[in-house]
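Down below is the structure, laid out as structure tokens.
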Protein chains: 2
Amino acid sequence: MGIIRKTKHFQKVLDQFSKQENAISANYLVSHFNDEMNKSTIYRILDKLEDDNIIHSFVGVHGLKWYAKCLDCTVKEHNDNHPHFQCEKCNEVQCISQTNNESKIIDAQFLVKSVFLTGICNRCFSTC
Amino acid sequence: MGIIRKTKHFQKVLDQFSKQENAISANYLVSHFNDEMNKSTIYRILDKLEDDNIIHSFVGVHGLKWYAKCLDCTVKEHNDNHPHFQCEKCNEVQCISQTNNESKIIDAQFLVKSVFLTGICNRCFSTC
DNA sequence: CGCATTATCGCAACTAAGTTGCAATAATAC
DNA sequence: GTATTATTGCAACTTAGTTGCGATAATGCG
Ligand SMILES: [Mn+2]
Ligand SMILES: [Mn+2]
Ligand SMILES: [Zn+2]
Ligand SMILES: [Zn+2]
């Protein structure tokens with residue numbers, strides 16, 4: 001079980017994920033809410049939100065933990081295992097909508113559960 | 001520039017990558033060579049080996065840094081950006097030989113440079 | 001070989017991300 | 001309004017990786 005009481009801190013963290021579609025690093029939230037809440041509070045809220053399948057997590061290029069909002073997940077089942085992409089230049093992380101392409105990666109060699117891509121995003125590519 | 005002097009420490013670390021094909025975490029090497037060399041020595045050797053395109057690196061599921069041997073890379077050019085797969089159960093990491101599948105992941109949306117997959121490996125799948 | 005040069009190493013101290021135990025605070029239910 | 005207990009802040013800790021510096025050893029040359 002995750003979130004039980006709807007506290008102000010919980011709402012503030014959740015609002016960040018409603019405000020924008022991209023993924024957010026735990027690290028960013030810690031510094032963003034630096035003078036509003038303690039970092040352990042933030043990590044604990046993120047844990048609980050993930051437990052409830054409200055957000056999902058993964059590790060980015062520099063080993064930091066990233067979170068993004070789940071779209072079609074219930075508390076009981078987590079279907080939201082779409083690929084993620086992180087730009088090496090601007091470090092932004094995007095959730096990629098599910099395509100049927102990704103299942104082709106496997107040659108019956110593994111059971112693939114998550115896909116993480118890195119490279120250069122559109123915006124950074126056009127400005128260099 | 002990376003490796004200049006071929007020391008015993010350098011040889012020992014390199015041997016680990018010759019001995020086996022799978023990727024090795026920096027962390028594993030630190031504990032494996034615990035009473036033979038200092039951890040900073042290991043990290044520095046790995047840095048230099050990567051500089052020389054003898055090994056390549058990436059970040060695994062738990063945010064640890066992993067290294068594996070480069071196959072067709074010269075000091076000047078690094079072509080070895082094949083996908084990597086880490087098993088969630090046994091934590092082993094494998095380099096996946098390049099297929100043409102992976103290029104299909106992109107829909108002209110990004111320039112994909114690396115692919116990291118997680119899931120269940122063959123061996124773990126058959127024993128559960 | 002013997003020596004000078006300097007890359008490499010060990011050590012200890014540090015950084016940065018994330019975790020944990022515990023006492024204080026505040027959300028909820030009655 | 002009060003009791004219950006989930007949540008929070010704090011401080012201390014853990015773990016992976018980095019850094020500065022003096023000591024060591026690989027290399028090249030006479
Ligand atoms: Mn996502
Ligand atoms: Mn590889
Ligand atoms: Zn970008
Ligand atoms: Zn496995």
Side-chain angles (χ1 to χ4, degrees), chain A residues 1-17 23-52 54-68 75 84 86 91-93 116, chain B residues 1-17 23-52 54-68 75 84 86 88 91-93 116 118:
Chain A
M1 98 230 95
I3 299 287
I4 295 182
R5 296 183 181 175
K6 299 208 169 176
T7 66
K8 283 182 179 178
H9 286 343
F10 155 78
Q11 265 307 333
K12 277 188 179 176
V13 171
L14 187 58
D15 281 354
Q16 293 294 311
F17 291 98
I24 306 174
S25 69
N27 202 36
Y28 166 82
L29 291 173
V30 168
S31 53
H32 183 255
F33 287 123
N34 188 33
D35 42 7
E36 293 182 65
M37 55 185 108
N38 192 269
K39 67 176 175 175
S40 52
T41 302
I42 294 174
Y43 283 110
R44 285 192 274 229
I45 289 173
L46 290 170
D47 271 358
K48 288 173 190 167
L49 285 172
E50 190 172 21
D51 261 13
D52 289 345
I54 296 169
I55 59 178
H56 55 278
S57 75
F58 50 92
V59 169
V61 277
H62 301 299
L64 295 193
K65 206 163 183 190
W66 289 76
Y67 290 88
V75 183
H84 295 98
Q86 182 165 17
N91 277 324
E92 248 180 50
V93 177
F116 182 73
Chain B
M1 98 229 99
I3 299 286
I4 294 183
R5 296 184 181 174
K6 300 207 168 176
T7 67
K8 284 181 178 178
H9 286 343
F10 155 78
Q11 265 307 334
K12 278 187 179 175
V13 171
L14 188 57
D15 283 353
Q16 293 293 312
F17 291 98
I24 306 174
S25 69
N27 201 37
Y28 166 82
L29 291 174
V30 168
S31 53
H32 184 255
F33 287 124
N34 188 34
D35 43 6
E36 294 182 64
M37 55 184 110
N38 192 270
K39 67 176 176 173
S40 53
T41 303
I42 294 174
Y43 283 111
R44 285 191 274 229
I45 288 174
L46 291 170
D47 270 358
K48 288 173 190 167
L49 285 172
E50 190 173 20
D51 262 14
D52 289 346
I54 297 171
I55 59 178
H56 56 278
S57 76
F58 50 93
V59 169
V61 276
H62 301 299
L64 295 193
K65 207 164 182 190
W66 290 76
Y67 290 88
V75 183
H84 295 100
Q86 181 165 18
E88 291 170 356
N91 278 325
E92 248 180 50
V93 177
F116 182 73
T118 71

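If you check every strand for non-hydrogen atoms under 4.0 Å, Asn38(A) touches a base. Note on Lys39(A): a base of the nucleic acid sits closer than 4.0 angstrom, heavy atoms only.
Phosphate contact (OP1/OP2 of dT7(D), side-chain N/O of Lys48(A), threshold under 4.0 Å): present. Tyr43(A) has no side-chain polar atom (N or O) that falls below the 4.0 Å cut-off from OP1 or OP2 of dT19(C). In this structure, Thr7(A) reaches the dT8(D) phosphate: one of its side-chain N or O atoms is under 4.0 Å from OP1 or OP2. Proximity of His9(A) to the phosphate of dG9(D): a side-chain N or O atom is located under 4.0 Å from OP1 or OP2. One finds no side-chain N or O of Lys8(B) lying less than 4.0 angstrom from the OP1 or OP2 phosphate oxygen of dA25(D).
With hydrogens and angles left out, the side chain of Arg5(B) and the base of dG28(D) share no donor-acceptor pair within 3.5 Å. No N or O donor and acceptor, one from the side chain of Ser40(B) and one from the base of dC9(C), sit under 3.5 Å apart.
In this entry the distance linking CG of Leu46(B) with P of dG17(D) reads 10 Å, nearest Å. Between Tyr28(A) atom OH and dA16(C) atom P the separation is 19 Å, expressed in whole Å. Between Phe10(A) atom CZ and dT28(C) atom P the separation is 10 Å, expressed in whole Å. What separates CD1 of Ile45(A) from P of dT7(D) is a distance of 9 Å, to the nearest Å. If you take CD of Glu36(A) and P of dT7(D), they are 19 Å apart, rounded to a whole angstrom. Regarding Leu29(B), its CG atom lies at a distance of 14 Å from the P atom of dC9(C), rounded to whole Å. One atom, NZ of Lys6(A), and another, P of dA29(C), lie 12 Å apart when rounded to the nearest Å. The interatomic distance linking Ile42(B) (CD1) with dG10(C) (C1') rounds to 12 Å, in whole Å.
A ring pair (Phe, Tyr, Trp, His ring centres under 6.0 Å) with His84(B) is found for one member of Trp66(B), Phe58(B), Tyr67(B) and no other, namely Phe58(B).
Projected onto DNA chain C by closest heavy-atom contact, Trp66(A) and Arg44(B) fall at different nucleotides, the more 5' of which corresponds to Arg44(B).
Interatomic distance, Gln11(B) CD to Leu14(B) CG, rounded to the nearest 0.5 Å: 5.5 Å. With rounding to the nearest 0.5 angstrom, the CD atom of Gln16(B) is 11.5 Å from the CD1 atom of Ile55(B).
The backbone N or O of Ile54(A) sits nowhere less than 3.5 Å from a side-chain atom of Asp52(A) that would complete a donor-acceptor pair.
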Worked check of side chain to side chain contact (heavy atoms under 4.5 Å, CB included) between His62(A) and Asn91(A) | CA-CA 9 Å; His62(A) 301 299; Asn91(A) 277 324; 3.4 Å; yes
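The side chain of Asn27(B) lies closest to dA16(D) when the candidates are dG10(C), dT28(C), dA16(D).
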